[in-house]
Amino acid sequence: MTTIQWFPGHMAKARREVTEKLKLVDIVMELVDARLPLSSRNPMMDELVQHKPRLVLLNKADLADPRITELWVKYFRSKGLDALPINAIKGEGLPKAAAEAKRLFGPKMEAMMKKGIRPRATRAMILGIPNVGKSSLINRMAKKTIAKTGDRPGVTQAQQWIKVGKDFELLDTPGILWPKFEDPQVGLRLASTGAIKEEILDTEPVAIYIVNLMNSRYKNVLETRYNIESLPENPREAIEVIGRKRGFLRHGNIVDLEATWKLLIREFRGGQYGRISLENPQDLPVEEVQAEPAVKVSAKVEQTTPVAQEADLAGKESALAGVESSSTDETPAGEAATPEVEVKLAETTTVE
Ligand SMILES: Nc1nc2c(ncn2[C@@H]2O[C@H](COP(=O)(O)OP(=O)(O)OP(=O)(O)O)[C@@H](O)[C@H]2O)c(=O)[nH]1
């Protein structure tokens with residue numbers, strides 16, 4: 001059993017801060033992790049952003065399976081949201097993103113001009129969960145132009161704006177929101193990519209999750225990486241074989257499992273297994289994608305696993321943070337054997 005501890009007060013605070021900042025901008029750039037675009041979204045996003053134009057940026061696209069990223073772009077577009085893959089570190093996709101942001105603000109700008117208001121730069125803010133790449137994106141955009149436009153009065157405090165190109169401005173502090181945690185599988189996906197700190201999640205279930213994912217979706221990658229002819233189906237046995245092969249042995253020729261779990265997590269996060277996507281729109285329940293002509297659903301949905309929830313979790317969280325209880329409703333193949341994770345809310349532990 002693994003426990004993710006969570007402090008719902010953070011949700012409420014983040015929500016307040018984001019709501020204030022939203023008043024200052026014309027459009028929102030919602031940053032998600034291209035490898036797990038659903039688990040790395042915040043459940044409050046739609047409610048918070050409402051009718052403000054929004055651009056979904058699938059960041060870390062360099063680490064994700066490009067074929068699946070393409071499907072995600074179509075998925076979001078079919079939901080009426082503009083979406084683009086980016087790499088915030090290298091800046092790939094950013095000129096397109098800035099142009100798209102400007103385009104999204106176009107109708108409002110025209111309306112303003114009709115009222116005699118002088119045209120001005122499109123103002124945007126970046127929103128996303130921790131570790132999704134918000135600072136990297138801001139730094140990358142800032143590096144290009146460096147010039148800050150100076151203070152402009154905000155609602156509660158002065159805000160800095162970063163000028164990007166000649167008619168686009170970015171708020172220099174991102175809005176941080178939290179991922180949804182009710183679904184244990186979501187916790188494991190987030191932990192696998194590093195969005196949840198290791199201290200709050202045991203390494204063993206994360207390593208097992210990774211091995212299951214690789215075995216079901218990216219066959220033979222582990223075998224090739226560790227030069228093993230054939231790994232056992234059972235993830236625990238597979239981990240032992242990998243540990244032994246790598247020479248992680250303790251006194252008495254016993255495999256150091258802890259060291260092997262950490263190796264698997266480190267190498268997965270580091271991209272040593274190649275470009276891997278943890279979520280695929282084709283795994284979504286059929287009704288989720290049926291209304292979407294752009295997304296071809298070829299995979300049969302095998303089953304959906306009920307979410308193991310603490311009885312008081314949903315109520316407690318929604319009461320404190322105004323969050324609807326929600327989950328991704330899908331369990332991709334290979335995740336069924338993952339150990340159960342208990343998700344708990346805690347008043348004392350914070351997740352940053
Ligand atoms: N490979 C790759 N790594 C990225 C990309 N964008 C960000 N990263 C890495 O992801 C990690 C988190 O990036 P940050 O920019 O600190 O993320 P953040 O959203 O600002 O994180 P918080 O400050 O925790 O909210 C860092 O190690 C970055 O180097 C990307 O496009 N590709």
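Fair warning: this is a prediction, and the values are worked out from it, not measured in the lab. As the structure lists them, so they are numbered: ligands from 1, and atoms in each ligand from 1.
Within a 6.0 Å sphere centred on NZ of K134, other residues, nucleotides and ligands contribute more than 12 heavy atoms. K219 NZ: more than 12 foreign heavy atoms inside a 6.0 Å radius.
Polar contact check, A88 against ligand 1: a nitrogen or oxygen pair lies under 3.5 Å apart. Considering both main-chain and side-chain atoms, G133 comes within under 3.5 Å of ligand 1 through a nitrogen or oxygen pair. Residue A61 has no nitrogen or oxygen atom sitting less than 3.5 Å from a nitrogen or oxygen atom of ligand 1, judged on distance alone.
Numbered from 1 in the order shown, with element, the atoms of ligand 1 that lie under 4.0 Å from a heavy atom of S135 read 15 (O), 18 (P), 20 (O). Every atom of ligand 1 with a heavy atom of K134 under 4.0 Å away is listed here by number and element: 15 (O), 17 (O), 18 (P), 19 (O), 20 (O), 21 (O), 22 (P), 25 (O).
Contact record, G133 with N59: CA-ND2, 3.7 Å, taken as the closest heavy-atom pair.
Among residues at least two apart or in separate chains, salt bridge (charged side-chain N to carboxylate O under 4.0 Å, His left out) pairs with a member in residues 48-61 are E30-R54, D46-R54.
With sequence neighbours excluded, the residues that form a salt bridge (charged side-chain N to carboxylate O under 4.0 Å, His left out) with R250 are D256.
In N131, the parts holding a heavy atom less than 4.0 Å from any atom of ligand 1 are both the side chain and the backbone. Residue contacts with ligand 1, taken as heavy atom pairs separated by less than 4.0 Å, do not involve L31 at all.
Counting heavy atoms only, S136 comes closest to atom 7 (C) of ligand 1 of the residues S136, A195, G271.
With contacts defined as side-chain heavy-atom distances shorter than 4.5 Å, the pair R123/F105 does not qualify.
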